[in-house]
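Let me begin by presenting the structure, written as structure tokens, before commenting on it.
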There are 2 protein chains.
Amino acid sequence: MTLTSPSTARSTYAEIAESAGVSKATVSRVLNGDDRVHPDRIASVIEAAEKLGYRPNRAARALSTGRTGLVAVVIDDEPTALSDPFWGVVLAGISRVFLANDLHSLLMVTPLGSPEGAIAHYLEGGEVDGAIFLQVHKDEVINKVHADGLPVVLIGRPIDENSEIPFVDTDNIGGGLQATKYLFDRGCSKVATLTGDLDASAGADRLSGYKKAHEDAGRELDLDLIARANWTFESAKIMTLRLLAKHPDIDGIFAANDIMAIGAIAAIQERGRRVPDDIAVVGFDDSLLSQTHRPGITTVRQDIIGLGAAAAETMIALLQSRTPEIEVLSTEIMIRETA
Amino acid sequence: MTLTSPSTARSTYAEIAESAGVSKATVSRVLNGDDRVHPDRIASVIEAAEKLGYRPNRAARALSTGRTGLVAVVIDDEPTALSDPFWGVVLAGISRVFLANDLHSLLMVTPLGSPEGAIAHYLEGGEVDGAIFLQVHKDEVINKVHADGLPVVLIGRPIDENSEIPFVDTDNIGGGLQATKYLFDRGCSKVATLTGDLDASAGADRLSGYKKAHEDAGRELDLDLIARANWTFESAKIMTLRLLAKHPDIDGIFAANDIMAIGAIAAIQERGRRVPDDIAVVGFDDSLLSQTHRPGITTVRQDIIGLGAAAAETMIALLQSRTPEIEVLSTEIMIRETA
DNA sequence: ACAAATAACGAAATCGGTTTCACGGCTAAT
DNA sequence: ATTAGCCGTGAAACCGATTTCGTTATTTGT
């Protein structure tokens, strides 16, 4: 199997050294910002480098330093995960920050189920300097990688409370609080919630926010108003129908994502009730759905680009041996028509 | 700035060579499948390599061969592009194929507007073996990279008809044909269409399919039924209201994507007409929206994972100096409730 | 004014593979 | 029985940047 390679001419340290009349060592010092070089030489080296249009050879540097400048971005390869527009935006956030820091993101879409397949490639392979994990349920893989000393950052709070792995996350508790409080402020007296998967921290946290809003407002929490759904339209619709049957006086619903909000609305309308007049509905995500749906869905917006950027920043901190701060990004409520 | 690196111990050719009692050169030959080595030695080298848990060092190989094993996947960094779930799935398709071929995708989300910024990084940098472009409008950048000899693959047919750059695409013409023909077969006598941006090949092609369906059916094409929208909910809704005002007898609409189908439905319902009883609507994309929307949207499904995979295969062909076949993937109609 | 410390810089080794080249041992051709 | 040719193999050069180590030149300290 013969492979072609691009034909672009590249210049090297050797050429710069010759052109500037110094040694390769000095070129390296100048180009890496080592200040123990005479100013005159610094100038001539930089001039020579620019004249020759020098571009560093990543492979050579990687071989020499042991660092590749690459960070793996790992997404669990399951059909549902990939079609979520969320990840694309996260990737953009990561990519922007990395590009500005001379790092690159190696995208790995891989089934995390099998510990061997995925891990072998980057950890034992040592092909990357670190790894950012998206869409996490399989802790084993991540813990193994982390234990092996590879810098790891998670997007989304890990379920395991005493995990030491740094992460970035949206303030889902704050978001749930915001949504529920908004419904209270709007005059709702009986607010139910449709939860997501409670094994995912996002699901659990949004519910915590809902609970906290009751606490803050001094309202009693009725566990019967907490309907466990699983992020999907169907589950939300079914649970809402059930809620309405048992509690006809519900006048507000906080759904833990926009799709479920739409499911809830479908159920409400099916029962001949009006949104928001009879029952107000708040979603979560500020997705395209929430914007295009009629009526427009009032929802909690999270800064997804910022989430990716924060993950990248955290990774950079790790690579520089700084202890990163755990970043939790705040949310914003987008008021549309359903509440 | 001090950087840490993973601590994992790695074995090298030198160690394998010593363990197997041969030279590094022979190790290289065996591990690269050069058959001019005595079978006995092949066996002992392989055994030694396995015993030592050998993993190749990508940087060293890249330095030596000039090939990095990395392919850039470039997405134009504009807010709308990123939130389209389409790209995430394409990326998955690419990633799967690459992973199986010992290649990696370097994700670059970057504004293609400025020719300098993005290009400098991979072409002049020579950091990648090739580039796959998504979401293309800026041909200049791509042409420059291509002209410089870097293998390039496009996802989506380039607007420039006589471009020589290999691409993969969904059969948008076929899809438009399929959708329109389905409406005809269903008994619609007056079918309008909402186009996307006609400067994008997907928009133009889906319209061509609509036209071709008329031709095939021997029906006269009424240009007045072609409403130029721009992929968005709002534009579709406005254009549909206009269509309905001028042509109250329209009984079918082919929207070039699902969001516009939803916009059309909103307009139709606002005018007190029913879907699909009065007017049938077909969308395009089989997006999550089309599945969760009520009524469920009949739509044209494209094989997005397959599109990514095809792009990856095409890139691999280029890297091996084979002339790739232009791949155009067929579509499938998903029948739901709106038609 | 002289030993000791410091600054500036180059030669050479190094990272881990790949590849060229030369050499000894055989086989085939003359 | 020579000569030419092919095999299998290892020594060494090479890819391009980094880094150690040592040398010379210049300060600093007393």
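Within every chain, numbering begins at 1; the chains are lettered A, B, ... in the order of the sequence lines, protein sequences first and strands thereafter. Just so it is clear, the structure is predicted and the values come from calculations on it, not from any experiment.
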For B:T12, report the nucleic acid contact type (base, sugar-phosphate, nothing); a contact means any heavy atom under 4.0 Å. sugar-phosphate

Suppose we screen for side-chain contact (heavy atoms from CB on, under 4.5 Å). Which residues come up paired with A:I42, at least two apart in sequence or across chains? A:V30, A:V37, A:I46

Of all pairs that satisfy salt bridge (charged side-chain N to carboxylate O under 4.0 Å, His left out), the ones with a partner from residues 305-329 of chain A, not counting sequence neighbours: none

Output yes when a side-chain donor or acceptor of A:T65 lies under 3.5 Å from a complementary backbone atom of A:R61, and no otherwise. yes

Give the minimum heavy-atom separation between A:P324 and A:T314, together with the two atoms involved. CB-CG2, 3.5 Å

So, the side chain of B:N57 versus the backbone of B:A59: is there a donor-acceptor pair under 3.5 Å, distance only? yes

Could you give the side-chain donor-acceptor pairs of residues 13-23 of chain A under 3.5 Å, partners two or more places apart or in another chain?
| unit_1 | atom_1 | unit_2 | atom_2 | d |
| --- | --- | --- | --- | --- |
| A:S19 | OG | A:K51 | NZ | 3.1 |
| A:S23 | OG | A:A25 | N | 3.4 |
| A:S23 | OG | A:T26 | N | 3.3 |
| A:S23 | OG | A:T26 | OG1 | 3.4 |

Who are the side chain to side chain donor-acceptor pair (under 3.5 Å) partners of A:S44, not counting sequence neighbours? none

Would you grab the first and last nucleotide of DNA chain D (5' to 3') that comes under 4.0 Å of any non-hydrogen atom in chain A? D:dG16 to D:dT20

Which pairs with one or both residues in residues 28-51 of chain B pass ring-ring contact (aromatic ring centres under 6.0 Å, His included), sequence neighbours excluded? none

Check every nucleotide of DNA chain C for an atom under 4.0 Å from a heavy-atom of chain A, then give the first and the last such nucleotide from 5' to 3'. C:dA8 to C:dG16

Residues 155-169 of chain B vs salt bridge (charged side-chain N to carboxylate O under 4.0 Å, His left out), sequence neighbours excluded, gives B:R157-B:E161, B:R157-B:D205

Any salt bridge (charged side-chain N to carboxylate O under 4.0 Å, His left out) involving residues 31-41 of chain B? Give me the pairs, sequence neighbours left out, ordered by first then second residue. B:D34-B:R36

Under 4.0 Å, heavy atom to any atom of DNA chain D: which of residues 16-26 of chain A qualify? A:K24, A:A25

Side chain A:T68, main chain A:E127, donor-acceptor under 3.5 Å: yes

Among residues 35-48 of chain B, which contact DNA chain D at a heavy-atom distance under 4.0 Å? B:R36, B:V37, B:H38, B:R41

Starting at the 5' end of DNA chain C and moving along, which residue's nearest nucleotide shows up first, B:A59 or B:R29? B:A59

Heavy-atom nearest pair, A:F133 first then A:A131, reads CE1-CB, 3.9 Å

If you look only at pairs with a residue in residues 148-168 of chain B, which of them pass as a ring-ring contact (aromatic ring centres under 6.0 Å, His included), with sequence neighbours excluded? none

